[in-house]
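Remarks on the structure that follows.
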Amino acid sequence: MHKDTHCAVVIDCWMNKLGEVSFENRPSKFPAFVEDVRRICGTKEFVFGLEDTRGFGRNLAAYLVGRRFEVKHVNPAYTSAVRLANPIIYKDDSYDAYCVARVLRDMVDSLQDARHEDIFWTIRQIVKRRDLIVKSNVMNKNQLHSQLSYSYPSYRKFFALIDAKSAMCFWENYPSPEHVKATTPEKIYETIKPVHQALKLQRIHEILAMIEKDGDTRKDYQTERDFIVRNIVKEIRHNKELIAEIDDELRKLLPLTGYKLQTMPGIDLATEAQLISEIGDITRFPDSDKLARFMGLAPVQFSSAGKGKDQRCRNGNRALNAIFHFLAIQMVAISPSGKPRHPVFREYFEQKVKEGKNKPQALVCVARRLVRIIYGMMKTKTEYRPFEKADGKN
């Protein structure tokens, strides 16, 4: 599957190449492609196998499924293994398509049917867009840190967050100490007050004292440096507005899936969207063990001659694996007050440590339990129900 063209190879059960078809990735070309396949196969039955890693074959898959053809999804790892098994390794579209056909022939009964539910595909595209903007803002904040360190050595003490509303207002209006010295504390207070109602005039005096203590930080081309700071602030603010718009769309779209993952403590809108975008339709996993194996959370047996042990799997869907890893960290975390954020998971974590597991291993156990719970919630489309102890307390 490619952005502009697709390549298909037809083989029989003895792996003999019967024909090859190349066609443009346009819906208007799909009927002719099917007719070419019929011409090559004659009266024989045939099955389509699609290796689609970037979504370029989605339209073709929807077309074939809509016309009641049997369509299988071929994992690119399988085709890569077939390619590497050849004594002489080479790669082009024709040979790649032949490898896909070989995998289809050998694994047709175990390959997943190609499913392209629009809602899950749409959520995945929105999440990708959101992640891209979030990463862009991380880069912008790093640049802002760098620029402010030249003009305001103590800038980290001014505000709790560099991108807080009050901080952004300050950096935009006073990108360097020269602008602060040209005004009064009262005017600075009046400028920031509309975006930070709890701001006190005393805090402005404290910031000015820190600026005075930093000394003279004037440099050449300060006007241009101020422009950089203001430009970064505008982009951060714009990106935050885009993220807010995306979140509004997700709030409308996620309930249509029937999943209620946000009822579980620790899962917010963004986390639920990420989970759904990576998992998709939960019915494609027969049980939670399959889901754990899909993300590489289940151990893998490495043995020879009857000797060996389970080892950590480093394959699978690493994005989904990372989501469950950080979710497990949140579940066992201790709040600033000293109380566990989720007592049941914290107790389970400590129990595993007492059993002899180190903390990373115990964290994997917590993540594995989360997989079972979230799988059950998605399978039955029910809300989260806390565990209950024997004494009846949560």
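Please read all numbers here as calculations on a predicted model, not as lab measurements. Values below: every heavy atom of this structure, side chains too, minus hydrogens, waters and symmetry copies.
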Test item: Arg130 and Ile243 side chains (from C-beta on) under 4.5 Å apart, heavy atoms: yes

Answer yes or no: is there an ion pair linking Glu35 with Arg39, defined by an N-O contact shorter than 4.0 Å? no

Whether over 12 other heavy atoms sit under 6.0 Å from Gln202 CD: no

Closest approach of Lys193 and Ala198, non-hydrogen atoms and distance? NZ-N, 4.4 Å

Would you indicate whether the side-chain heavy atoms of Ser166 and Leu199 approach each other to under 4.5 Å? no

Closest non-hydrogen atom pair, Leu320 against Ile279: CD2-CG1, 3.8 Å

Look only at the side chain of Arg58 and the backbone of Asp52, and say whether a donor-acceptor pair between them is shorter than 3.5 Å. no

Near Lys213 NZ, under 6.0 Å, is it more than 12 heavy atoms from other residues, nucleotides or ligands? no

Angle class for the Phe69/Phe48 ring planes (parallel below 30°, perpendicular above 60°, tilted otherwise)? perpendicular

Using a strict 4.0 Å threshold on nitrogen-to-oxygen distance, state whether Asp163 and Lys240 make a salt bridge. yes

Hey, is the main chain of Gln361 close enough, under 3.5 Å, to the side chain of Asn358 for a donor-acceptor pair? yes

Roughly how far apart are Arg203 CZ and Ile192 CD1, rounded to 0.5 Å? 10.5 Å

Would you confirm whether Thr263, through its side chain, and Tyr384, through its main-chain N or O, come within 3.5 Å as a donor-acceptor pair? yes

I need the His2 NE2 to Asp96 CG distance, nearest 0.5 Å. 7.0 Å

Is there a donor-acceptor contact under 3.5 Å from the side chain of Asn231 to the main chain of Phe227? no

Steps toward side-chain contact (heavy atoms from CB on, under 4.5 Å) verdict (Ile188, Leu208): CA-CA 10 Å; Ile188 297 176; Leu208 296 181; 4.0 Å; yes

Check whether any side-chain heavy atom of Ile162 sits under 4.5 Å from a side-chain heavy atom of Leu148, and report yes or no. yes

Would Arg67 count as a cation-pi partner of Phe30, with NZ or CZ less than 6.0 Å from the six-membered ring centre and within 45° of the ring normal? no

Got more than 12 heavy atoms from elsewhere within 6.0 Å of CE, Met107? yes

Main-chain N/O of Gly376 paired to Thr380 side chain as donor or acceptor, under 3.5 Å: yes

Distance-only, no hydrogens or angles: does the Arg230 side chain make a donor-acceptor pair with backbone N or O of Glu172 under 3.5 Å? yes

Ser136 and Glu235 have their tightest heavy-atom pair at OG-OE2, 4.0 Å

Residues Ser151 and Pro177: closest non-hydrogen pair is O-CG, 3.4 Å

With a 4.5 Å cut-off on side-chain heavy atoms, are Arg225 and Val229 touching? no

Verify the cluster assignment for Leu111 and Val82: are they in a single hydrophobic cluster under the rule of side-chain heavy atoms below 4.5 Å apart? yes

What I'd like to find out is whether the side chain of Glu278 reaches to under 4.5 Å of the side chain of Arg124, using heavy atoms alone. yes

Atom of Lys379, atom of Pro286 and distance for their closest heavy-atom approach: NZ-O, 4.4 Å

Run Arg346 and Glu350 through salt bridge (charged side-chain N to carboxylate O under 4.0 Å, His left out) and show every step you take. CA-CA 6 Å; Arg346 182 68 191 186; Glu350 293 175 349; 3.1 Å; yes

Flag, side chain of Ser277 to backbone of Gln274, donor-acceptor distance under 3.5 Å: yes

With a 6.0 Å cut-off (strictly less than), is the heavy-atom count around NZ of Lys165, excluding the residue itself, greater than 12? no

For Met168 and Val195, what are the C-alpha separation, side-chain angles and deciding distance, and is it a side-chain contact (heavy atoms from CB on, under 4.5 Å)? CA-CA 10 Å; Met168 299 279 282; Val195 298; over 6 Å; no

Taking atom CD as the centre, does Glu212 end up with more than 12 heavy-atom neighbours from other residues, nucleotides or ligands that are less than 6.0 angstrom away? no

Pair Asn86-Tyr95, side chain to side chain donor-acceptor pair (under 3.5 Å): steps then yes or no: CA-CA 11 Å; Asn86 195 311; Tyr95 186 65; 3.0 Å; yes

Co-membership, hydrophobic cluster, residues Phe46 and Val74, 4.5 Å side-chain: no

Consider only side-chain heavy atoms of I, L, V, M, F, W and Y, link residues closer than 4.5 Å, and tell whether Ile228 and Ile236 are in one cluster. yes

Pair His6 + Phe56: ring centers closer than 6.0 Å: no

Mark yes or no for whether Arg341, through its side chain, and Met331, through its backbone, hold a donor-acceptor pair below 3.5 Å. no

Less than 4.5 Å apart, any side-chain heavy atom of Ile232 and any of Trp171? no

Donor-acceptor pair between Gln351 and Glu347 side chains, under 3.5 angstrom: no

Kindly indicate whether the side chain of Ile267, heavy atoms from C-beta on, has any atom under 4.5 Å from the side chain of Leu275. yes

Any Lys/Arg nitrogen of Glu190 or Lys187 sitting under 4.0 Å from an Asp/Glu carboxylate oxygen of the other? no

In this structure, are over 12 heavy atoms from other groups packed under 6.0 Å from Lys135 atom NZ? no

Closest heavy-atom pair and its distance - Ile119, Leu253: CD1-O, 4.0 Å

How many angstroms lie between atom CD1 of Ile246 and atom CD of Glu241, to the nearest 0.5 angstrom? 12.5 Å

Among His73, Arg284, Lys72, whose side-chain hydrogen bond (donor to acceptor under 3.5 Å, both in side chains) with Asp113 holds? Lys72

Could you tell me whether Tyr152 and Phe158 have their ring centroids closer than 6.0 angstrom? yes

Do Asn25 and Asp4 have side chains that get closer than 4.5 Å, going by heavy atoms? no

Strictly distance-based, threshold 3.5 Å: is any side-chain N or O of Lys357 a donor or acceptor partner for the main-chain N or O of Val364? no

Answer with yes or no whether the side chains of Thr271 and Asp268 bring together a donor and an acceptor at under 3.5 Å. yes

Checking side-chain contact (heavy atoms from CB on, under 4.5 Å) for the pair Lys290/Arg293: CA distance, chi angles, key distance, verdict? CA-CA 5 Å; Lys290 295 291 185 181; Arg293 193 173 298 115; 3.5 Å; yes

Does Ile323 belong to the same Ile/Leu/Val/Met/Phe/Trp/Tyr cluster as Val332, with side-chain heavy atoms less than 4.5 Å apart forming each link? yes

Scan side-chain atoms only and decide if Asp92 and Ser94 contain a donor-acceptor pair under the 3.5 Å cut-off. no

Go through Arg368 and Asp289 one step at a time and tell me if the side-chain contact (heavy atoms from CB on, under 4.5 Å) criterion holds. CA-CA 9 Å; Arg368 186 65 184 84; Asp289 292 337; 2.2 Å; yes

Distance alone, cut at 3.5 Å: any donor-acceptor contact between the side chains of Tyr174 and Thr191? yes

Please answer: with hydrophobic residues joined when any side-chain heavy atoms are less than 4.5 Å apart, are Met1 and Tyr63 in the same cluster? yes

With a 6.0 Å cut-off (strictly less than), is the heavy-atom count around NE2 of His205, excluding the residue itself, greater than 12? yes

Main-chain N/O of Asp287 paired to Tyr375 side chain as donor or acceptor, under 3.5 Å: yes

